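As the structure is a prediction and not an experimental result, all values here were calculated from the model. Lettering of chains follows the sequences in order, A, B, ..., and the numbering in each one begins at 1.
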Number of protein chains: 2
Amino acid sequence: MTTEEQILIAARKVFVQKGYDGARMQEIANEAGINKALLHYYFRSKDKLFEQIFTESFQLIRPAFESALGSEPDIRSFLNLFVGGYLQLLEQLPYVPQFVIQELNRDPQKLVGLIGKQKIPIESIKSMIQKEIDKGTLLPVSAEHLMVSTIALIVFPFIASPILKTVFFNQDEERYNHFIHERRDHIVNFILGAITAPKRTQNE
Amino acid sequence: MTTEEQILIAARKVFVQKGYDGARMQEIANEAGINKALLHYYFRSKDKLFEQIFTESFQLIRPAFESALGSEPDIRSFLNLFVGGYLQLLEQLPYVPQFVIQELNRDPQKLVGLIGKQKIPIESIKSMIQKEIDKGTLLPVSAEHLMVSTIALIVFPFIASPILKTVFFNQDEERYNHFIHERRDHIVNFILGAITAPKRTQNE
DNA sequence: GTCTATAACCGGATAGAC
DNA sequence: GTCTATCCGGTTATAGAC
């Protein structure tokens, strides 16, 4: 492995764990098994190194609508695939969402500029939804609210795990893990229940 | 206003905005209109001052189930009141949730110890839910998942506003504010739709 | 490319006058 | 209680040898 790769791996670990303000170049150097001076040789400054880690982190957790959108025929299959896929991703990167959000709140101007205008293909989702609303099989629902709510349900437990462990699970690690494992099914059922139009009743 | 109160107001502002690592005693002093030495006279250290601000911030946003629980007869009215009340609270304190979560992730051991075991009366909610499940008017749902999901739907847009503005609203402040104002109704409808048992259809 | 040594600065904390 | 001046450790960044 090249030195540059070692540095990036170390920087990833330290920045994600400590945030920009809490991270120390010395700690990154130790983690990479080199010394501070070499960090500045490869990346001019703490800022430059951070920008690289932040940008790649944002890419990693930017919701990947595209893949799920192309392959799925209706909103229900799409949501099912999306929720499962995103949860699986976050299992590998549990601390990245909190890192990205924290840094975006610290310096929105600079960092939003850095990631550019990475919009989401909300129009495709809108048309997918609209068809079923017209057919009457889906309750009228805003695509923006639906997608923000879906992401909230998926991501929030990863961001807020210490507070959830405290107020809901009395610091019981075991019960919290069990909760997380049940989460996928709960979310999918929750969302589908929320947006599916009820069948007509006998009196209607 | 006493000097101590001025300091606390300034510290609140700076700590919530910048976090522990990003906050500077000098900035707090400036904000309070005094000098650094006086900060240390009133609060021994940055740590002590921070602990006070963090503890009170946690109290502020700890979900106030108790009030809504005592007064409401069924889970639907309870959720309606809870969502509305919490959103109204967060309008006044939009940056506090991200602050508390950020700090809890930075040093869970110490800060969880600080806030003690402030559990939530989940048992009252469970019994409230169970009655309606038995009657068949509510889908079987775990109280923990329901409450975590409810809080996620409420709090997430406040934590993640920069990222939402970027990927969903193309930095359009106007459209984002409109979105936030619609949010209460969406959340309540979403949750009630998700947990309400469908009426029986003609074929059953 | 990699290292040691050090410059230059910053930030929390304290001493001591008023 | 409040201030000015200062200490001291830590942090980023660079100079220069190998």
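- Nucleotides of DNA chain C with any atom under 4.0 Å from a heavy atom of chain B span, from 5' to 3', C:dG11 to C:dA15.
- Counted within 6.0 Å of CZ on B:Arg175, heavy atoms from surrounding residues, nucleotides or ligands total more than 12; the atom is thus considered enclosed.
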Which donor-acceptor pairs under 3.5 Å do side chains of residues 151-171 of chain A form with protein atoms, sequence neighbours excluded?
{"unit_1": "A:Lys165", "atom_1": "NZ", "unit_2": "A:Glu173", "atom_2": "OE2", "d": "2.9"}
{"unit_1": "A:Thr166", "atom_1": "OG1", "unit_2": "A:Pro162", "atom_2": "O", "d": "2.8"}
{"unit_1": "A:Thr166", "atom_1": "OG1", "unit_2": "A:Gln171", "atom_2": "NE2", "d": "2.7"}

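- Side-chain contact annotation: A:His186 with B:Ser149, donor-acceptor N/O pair under 3.5 Å present.
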Using atom types as modelled, flag every donor-acceptor pair under 3.5 Å from a side chain in residues 95-103 of chain A to any protein atom, sequence neighbours excluded.
{"unit_1": "A:Gln98", "atom_1": "NE2", "unit_2": "A:Gln102", "atom_2": "OE1", "d": "3.2"}
{"unit_1": "A:Glu103", "atom_1": "OE1", "unit_2": "A:Arg106", "atom_2": "NE", "d": "2.6"}
{"unit_1": "A:Glu103", "atom_1": "OE1", "unit_2": "A:Arg106", "atom_2": "NH2", "d": "3.0"}
{"unit_1": "A:Glu103", "atom_1": "OE2", "unit_2": "A:Tyr20", "atom_2": "N", "d": "3.0"}

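- In the region residues 13-30 of chain A, proximity to DNA chain D at under 4.0 angstrom, judged on heavy atoms, holds for A:Ala23, A:Arg24, A:Met25.
- With B:His181 contributing its side chain and B:Asn177 its backbone, the two residues share a donor-acceptor pair below 3.5 Å.
- Residues satisfying the side-chain hydrogen bond (donor to acceptor under 3.5 Å, both in side chains) test with A:His145, not counting sequence neighbours, are B:Glu182, B:Arg183.
- Proximity of residues 36-45 of chain B to DNA chain D (heavy atom under 4.0 angstrom from any strand atom) is restricted to B:Ala37, B:Leu38, B:Tyr41, B:Tyr42.
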Please determine whether side-chain contact (heavy atoms from CB on, under 4.5 Å) holds for the pair B:Ile115 and B:Phe54, giving the CA-CA distance in whole Å, both sets of side-chain angles, and the decisive distance to 0.1 Å.
CA-CA 9 Å; B:Ile115 56 188; B:Phe54 175 81; 3.7 Å; yes

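- Ion pair B:Lys135/B:Asp74 not flagged as a salt bridge, since none of the NZ, NE, NH1 or NH2 atoms sits closer than 4.0 Å to an Asp/Glu carboxylate oxygen.
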Could you walk me through whether B:Lys46 and B:Ile28 pass side-chain contact (heavy atoms from CB on, under 4.5 Å), step by step?
CA-CA 10 Å; B:Lys46 183 180 180 183; B:Ile28 295 174; over 6 Å; no

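- Minimum interatomic distance between A:Ile133 and A:Val141 (heavy atoms only, all atoms of both residues): CD1-N, 3.8 Å.
- Residue B:Lys46 contributes atom NZ, which lies 13 Å from atom C1' of D:dG10 at whole-angstrom precision.
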